[in-house]
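For reference, the structure discussed in these notes is given below.
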Amino acid sequence: MRKVYTRVQEISGNVIMVSASGVGFGELAEVKSTFGKSLAQVIRIQNDKVYMQVFAGARGVATNDEVAFLGHAMRMSFSDDLLGRIFNGSGTPRDKGPELEGNWVEINGPSVNPANRIIPRKMVRTGIPMIDIFNTLVESQKIPIFSVAGEPYNELLARIAMQAEVDVIVFGGMGLKYDDYLYFRDTFESEGALTRAVMFVHTAADPVVECLMVPDLALAAAEQFSLQGKNVLVLLTDMTNFSDALKEIAITMEQVPSNRGYPGDLYSQLASRYEKAVDFETAGSITILAVTTMPGDDVTHPVPDNTGYITEGQFYLRGGRIEPFGSLSRLKQTVNGKTRDDHRTIMDTMIQYYAQCRETKEKLAMGFQMSEWDTKLLKYGDLFEKYLMDLSVNTPLEKALDQCWEILAACFDRQEVGIKSSLADKYWPKGEVSLS
Amino acid sequence: MSEHKQRVIAINGNMVTVQFDEQVVQNEVAFVCTGDKELKSEIIRVRGNHAEMQVFEDTRGVKVGDPVKFTSKLLSVALGPGLLSQIYDGLQNPLPELAQKTGYFLQRGHYLRALSYERIWHFTPEAKVGDDVVAGMWLGHVPEGIFKHRIMAPFNLKGNWKLKSIAETGDYTIDHKVATLESASGELLDVTMVQEWPVKMAMRCYEERLRPSEPLVTKCRIVDTFFPVARGGTYCIPGPFGAGKTVLQQVTSRYADVDVVIIAACGERAGEVVETLREFPELEDPRTGKSLMERTIIICNTSSMPVAAREASVYTGITLAEYYRQMGLNVLLLADSTSRWAQALREMSGRLEEIPGEEAFPAYLESLIASFYERAGVVRLYNGQVGSLTVGGTVSPAGGNFEEPVTQATLKVVGAFHGLSRERADSRRFPSVHPLESWSKYPNFVGKSEVDYARSILKKGNEVGQMMTVVGEEGTSIADFTTYIKAEFLDAVYLQQNAFDEVDAATPLERQRYVFALIHDILRTQFKFERRDEVRRFFQELTQLFRDWNPSVWESSEFMKMEQQIRQKVGEQKKA
């Protein structure tokens with residue numbers, strides 16, 4: 001028999017307080033107001049005073065509303081029925097499907113014992129040459145896309161999700177514009193990926209507390225799928241909104257802010273989510289790809305800065321392209337030696353010449369005369385951008401590597417390119433090159 | 001032992017307030033009993049009959065009224081044979097054993113013994129019956145890996161005691177009584193091979209502290225030659241993300257010329273610890289030919305593990321390090337990263353509603369950091385033997401800005417500063433230690449005047465480089481341009497080091513002295529150049545020769561051959 005409390009003593013921001021006993025820290029309660037039911041989570045207990053964060057917001061909560069404690073912490077019902085479904089940040093369906101019951105799993109559960117982790121070993125093929133060749137994505141990697149508002153980061157995320165070779169996609173949207181939510185839903189549907197995906201979506205119009213639950217729900221689902229032996233890709237967009245929600249709650253809770261208003265535990269909060277990325281030795285894996293928008297394109301802003309210390313590299317998205325400079329996959333060395341024997345050499349050579357091409361472009365902009373070599377570099381740059389950097393291409397790694405050789409051959413003589421002859425003998429294109 | 005039961009009255013995150021009616025001890029360990037779990041906690045503030053405790057685990061489900069057990073003991077670690085090659089969490093729970101018990105995940109409320117009570121050790125007595133005994137004195141030893149693990153008189157022993165009896169040579173478990181001590185007043189004390197020590201107290205069982213003067217060779221050229229660290233010294237490595245802090249620490253943990261290495265992975269990526277965890281057992285210690293793991297202890301509290309235990313993890317690390325120093329060994333503690341520890345302090349300070357200092361860090365941050373680094377040092381033990389403890393900590397400053405409180409508090413107390421620079425990292429100049437901003441107060445081991453000269457070239461080269469961005473190459477004199485190129489050359493062939501090349505990754509001191517002498521000669525040499533591109537081409541070719549020379553095995557025929565070529569090339573271009 002659940003005890004119901006009908007006397008809310010304090011309401012401040014999204015936090016309400018009732019006098020109750022026998023309540024556990026982190027426990028859920030159900031608040032019934034004239035505007036409907038909402039879940040609330042216990043965030044502080046002092047003697048008989050129980051403080052709760054109301055998921056739907058405290059707006060409209062009356063002092064005589066019913067509060068009933070549920071006797072358990074935030075949890076989700078896990079089964080294969082999750083696939084193809086869309087939920088909000090409280091874990092209730094957003095689509096027209098039924099509520100799921102049973103097989104409850106804890107969210108934001110304990111972390112993986114480091115002694116049980118293994119060194120990552122498998123590449124995730126995305127069909128995007130800027131990732132596959134230059135900054136390979138690896139199973140169990142956690143990597144953000146650093147970008148500014150206005151860049152097509154959500155399109156990139158959706159594209160990677162569609163092209164990546166994974167078993168399950170778990171999508172977590174935080175503070176999404178409604179249009180963006182529809183974009184993801186429609187893309188998943190039209191590409192037939194929804195049947196192997198589950199979406200947890202918080203839109204900008206939803207209560208801010210629900211935003212905080214999205215990554216936990218998404219990662220709890222991902223963890224269960226991976227324990228079943230599946231390779232799961234988790235997409236989180238946008239983690240800056242998540243951090244801003246943390247900031248909002250912390251400030252209403254009167255916590256001392258540390259840096260630009262963010263709470264002091266921002267690092268730990270982000271880390272406990274990102275660190276869910278894992279490769280289980282005898283089961284599946286979780287790979288996390290997140291979006292972090294950088295306010296004012298400032299990488300030293302607390303959110304991208306803390307993220308950079310946690311994640312295993314980052315992709316910079318600028319001008320609609322993945323920047324070759326600054327982008328880094330810290331785990332690429334673990335896999336790119338095992339793909340094709342020319343992978344590493346091509347990766348280094350192509351980037352070197354592209355860097356030279358950038359310098360030449362600067363010279364050109366300053367009005368210097370172009371030498372013959374400069375002209376070659378400019379041509380190289382154009383081909384590089386067209387065949388490799390364009391985000392709309394979907395090229396398997398091997399074909400992309402072949403294309404790299406063709407680009408080199410189209411621009412330079414074989415002797416000019418300082419590549420080991422054993423490799424050049426094997427891969428340098430024979431005959432005419434058709435690129436233009 | 002008073003094991004009185006008290007009750008929880010408030011819960012705020014991982015801070016729990018307890019009401020008690022007898023006495024409590026500040027920093028004493030207590031257990032919060034919730035359901036069938038007991039959660040380890042530490043008292044951090046007492047007000048009236050309320051004790052505020054930080055809980056080292058997730059507090060989900062804790063209720064008002066839950067019973068609490070006090071232990072009257074400060075947070076301590078177990079010290080005895082069997083510590084080496086272990087992997088512990090911040091509270092000294094062995095992680096591999098925990099994995100066997102709880103599976104993939106770290107379930108809360110599971111605590112295991114840090115040392116095996118079944119393992120048999122071969123004990124050899126050193127002290128004789130009737131000997132005078134004070135705290136920390138060597139009574140005997142057991143073999144542990146390549147070391148003689150000394151069995152010592154308890155560190156908390158007060159005054160002078162006499163050895164009443166000691167076990168004979170033989171095989172015992174660690175809890176076997178190996179000696180009995182007698183005080184002047186006739187009090188008796190049994191000694192086993194294991195003892196406990198509170199982690200937040202410095203161990204002071206030695207005759208005196210000495211000035212660090214011996215080099216600690218890390219085999220990283222820019223560190224050893226330009227910014228050396230002495231055994232028993234302290235240094236810090238601040239740097240923005242992606243600057244290579246962890247790689248530098250990993251390389252140091254492999255090649256540093258010390259007996260025991262303790263790695264405290266504090267609040268950083270789990271993946272990085274895993275690399276060490278999985279690779280060290282297979283790597284060979286160049287000094288002993290055995291697995292590197294045999295001289296290593298890993299304390300691992302990664303970023304997703306409970307925050308409160310982060311603070312404990314650095315203290316656990318330094319206490320284990322002090323213990324091995326008491327055996328007359330040279331110990332190196334690597335803490336990665338001290339910023340995460342400071343952040344954990346900040347979180348707790350916020351919950352205690354203390355008045356915040358800069359960037360909300362608590363006001364006592366500086367003194368805590370200072371007393372932590374001050375636990376390093378070279379000490380002469382009572383028996384005349386010398387042991388050292390060197391501490392190297394990384395700092396992860398927010399936004400890569402060294403003006404922040406943790407970096408500044410650290411810089412005040414360390415003897416060397418290896419500042420990593422984002423620019424150097426971006427241009428792939430590794431290790432990215434900044435050659436102009438870093439400093440060291442320890443004596444130079446390679447040659448002071450030579451290093452000073454090289455540093456002046458770097459400085460001048462940097463100035464010329466900046467000037468050139470304004471006036472262009474054409475606007476610089478040949479002499480200035482040559483200095484600029486010489487600085488670039490020094491950077492490329494000596495300061496930069498390939499951590500992934502077997503030979504180049506570790507340059508022994510002898511080789512550093514030899515190679516640096518040659519480079520110094522080249523820097524001093526006046527060359528005959530007429531045009532700038534001549535200068536550039538000459539040094540480009542020279543750089544290429546050095547790049548082939550660096551990965552060649554020391555004193556091999558390949559090494560000799562390359563050196564010959566270099567000397568010849570330099571000779572040809574020399575001004576008559």
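We name chains A, B, ... by the order of the sequence lines, and we start the count at 1 in each one.
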Distance (rounded to the nearest 0.5 Å) between [X] [atom1] and [Y] [atom2]:
| X | Y | atom1 | atom2 | value |
| --- | --- | --- | --- | --- |
| B/N14 | A/F25 | CG | CZ | 8.5 Å |
| A/N306 | B/Q343 | CG | CD | 6.5 Å |
| B/R269 | A/I310 | CZ | CD1 | 8.5 Å |

Residue of the set A/V50, A/I45, A/V42 for which side chain to side chain contact (heavy atoms under 4.5 Å, CB included) holds with B/I11: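 Filter result, single survivor: A/I45.
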Quick one: of A/L331, A/I43, A/I118, A/D48, who has the most non-hydrogen atom pairs under 4.5 Å with chain B?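 Ranked by heavy-atom pairs under 4.5 Å with chain B, first place is A/I118.
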Based on non-hydrogen pairs under 4.5 Å, which of A/S268, A/A355, A/S272 is most in contact with chain B?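 Ranked by contacts with chain B, first place is A/S268.
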Residues of residues 252-262 of chain A under 4.5 Å from chain B (heavy atom pairs)?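 If one takes a 4.5 Å heavy-atom cut-off, the residues of residues 252-262 of chain A near chain B are A/V256, A/P257, A/S258, A/N259.
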Step by step, would you call B/R60 with A/E106 a salt bridge (charged side-chain N to carboxylate O under 4.0 Å, His left out)? CA-CA 11 Å; B/R60 202 175 301 181; A/E106 181 183 32; 3.0 Å; yes
Select one option (side chain, backbone, both, neither) describing which atoms of B/V307 are under 4.5 Å from chain A's heavy atoms.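 Just the side chain, heavy atoms under 4.5 Å.
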Determine, for A/Y267 and B/R346, whether the Lys NZ or Arg CZ falls below 6.0 Å from the six-membered ring centre while staying within 45 degrees of the axis.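 Output no; distance or angle outside limits.
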Quick one: list whatever passes salt bridge (charged side-chain N to carboxylate O under 4.0 Å, His left out) with A/E323, sequence neighbours left out.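 A/E323: salt bridge (charged side-chain N to carboxylate O under 4.0 Å, His left out) contacts with A/R358.
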Check whether [X] gets within reach of chain B through its side chain, its backbone, both or neither, counting any heavy atom under 4.5 Å.
| X | result |
| --- | --- |
| A/R330 | side chain |
| A/V112 | both |
| A/E223 | side chain |
| A/D298 | neither |

Determine the interplanar angle of the A/F280 and B/Y104 rings, folded into 0 to 90°, and report it as parallel if under 30°, tilted if 30 to 60°, perpendicular if over 60°.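 Answer is tilted, since the angle falls between 30° and 60°.
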Under a 3.5 Å distance rule, please check whether A/D305 uses its side chain to pair with a backbone N or O of B/G399 as donor and acceptor.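 It does hold such a pair.
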Using a 3.5 Å distance criterion without hydrogens, assess whether the side chain of A/R117 forms a donor-acceptor pair with backbone atoms of B/V273.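 No: the side chain of A/R117 does not pair with the backbone of B/V273.
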My understanding is that only residues two or more places apart in sequence, or in another chain, count here; which of them pass side-chain hydrogen bond (donor to acceptor under 3.5 Å, both in side chains) with B/R547?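 None.
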Which of residues 85-96 of chain B have a heavy atom under 4.5 Å from any heavy atom of chain A?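 Checking residues 85-96 of chain B against chain A gives B/L95, B/P96.
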Selection from B/A425, B/G350, B/A398 maximising heavy-atom pairs under 4.5 Å formed with chain A: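 Highest number of pairs under 4.5 Å: B/A398.
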Going by atom types only, do B/S304 and A/R273 share a side-chain donor-acceptor pair under 3.5 Å?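 A/R273 and B/S304 do not have a side-chain donor-acceptor pair below 3.5 Å.
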Any chance the side chains of B/T302 and A/E275 put a donor and an acceptor closer than 3.5 Å?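 There is no such pair between these side chains.
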Going by heavy atoms in the side chains, are B/F241 and A/Q314 under 4.5 Å from each other?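 The answer is yes, as the side chains (C-beta and beyond) meet within the 4.5 Å cut-off.
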